[in-house]
Amino acid sequence: MSYATIAGDRIRYEVHGDGTPVVFLHGFPLSGRLWRHCIEPLRKRRRLIIPDVRGLGESAGHAFATMSRYADDVADLLNALGETEPVVVVGLSMGGYIAFEFMRRHADRVRGLVLADTRANADPPQKAEERRQQAARVMAEGTRVVVDAMMPALFGPAASESLKEEWRGIMNASPPEGVAAALKAMADRPDSTPTLATIRVPTLVIVGDQDTLTPPEVSRAMHQALPDSTLIIVPGSGHMLPVEKPQEFNHHLAAFLDRLRQSD
Ligand code: MLT
């Protein structure tokens, strides 16, 4: 496990393997452990860069959490690692929101994009207000408030109790300050729908068929708006696709990365 100092804060990250750089951005309120099943199958020909997003997991820095700071953290981490090649950005859910911001701010650093279980639209006003109220409750009562609210919708019906309990523990370990800051960053994020048509790099849109948080029809709409995209709907998975159906997720991700190599 390694740490980089980014904008004055200690950001945790892992790097595995060598080759095409691939950056993995986890969802809310998760951590880089979301990608743990990707490491062994993908590390042979790729350099996998896996941060904990600012304020979540073991990364500090909640005070400056905004979608644009999250995106600039990725660019700063790449700089700190001496990574000058364009990267493939893989974002799940909130990681996808960060990926859209990264596309707007650092498009020249991206050679491919993976949008997993995410959405392009901003929060409707009522949802944004609920997030702000939830952020206040998290600060008063702890991270548990948001974890308890999310748990019933995070996993598909086939997920084991032990997987769910493991993730309950991982999520509860994120500090309330970082969780509340991420809620506000999501509430304030811009609509990325107009960004879709501007994304010129090959994009994989992938989603579990039982994802109720970012359902397949949302992915289908993104796919239709993207100039160069492939849509995969994985049977039998909810929102936590990389841990619910790791083999299927890795298979489709590896196939996409291979196609990108061939087009070089
Ligand atoms: C996530 O998994 O990152 C969240 O479900 C995103 C959200 O709440 O919009």
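Whatever order the structure lists them in is the order used to number ligands and atoms, beginning at 1. Computed from a prediction, not measured in an experiment: that's the story for all the values here.
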Does an N or O anywhere in [X] fall below 3.5 Å from an N or O of ligand 1?
| X | value |
| --- | --- |
| Phe28 | yes |
| Leu92 | no |
| Tyr97 | yes |

Under 6.0 Å from the ring centre and within 45 degrees of the ring axis: does the NZ or CZ of Arg189 meet both conditions for the six-membered ring of Tyr97?
yes
Check ligand 1 against [X] and write out every atom of the ligand that is under 4.0 Å from a heavy-atom position of the residue.
| X | answer |
| --- | --- |
| His239 | 1 (C), 2 (O), 5 (O) |
| Met94 | 1 (C), 3 (O) |
| Gly27 | 3 (O) |

[Y]/[X] salt bridge by N-O under 4.0 Å criterion:
| X | Y | answer |
| --- | --- | --- |
| Glu217 | Arg220 | no |
| Arg46 | Asp258 | yes |
| Arg104 | Glu101 | yes |

Once you round to the nearest 0.5 Å, how far does CH2 of Trp35 lie from CG of Leu42?
11.0 Å
Heavy-atom proximity to atom 1 (C) of ligand 1 ranks first, among Ser93, Ala182, Ala187, for Ser93
Tell me the nearest of His26, Gln134, Arg131 to atom 8 (O) of ligand 1, using heavy-atom distances.
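Minimum heavy-atom distance to atom 8 (O) of ligand 1 goes to Arg131.
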For Asn79 and Arg109, what are the C-alpha separation, side-chain angles and deciding distance, and is it a side-chain contact (heavy atoms from CB on, under 4.5 Å)?
CA-CA 11 Å; Asn79 293 342; Arg109 301 194 77 154; 2.8 Å; yes
Kindly write out the residues that satisfy salt bridge (charged side-chain N to carboxylate O under 4.0 Å, His left out) with Asp148, not counting sequence neighbours, or none if the list is empty.
Arg168
Please state which part of Arg119 comes within less than 4.0 Å of ligand 1, counting heavy atoms only: side chain, backbone, both or neither.
neither
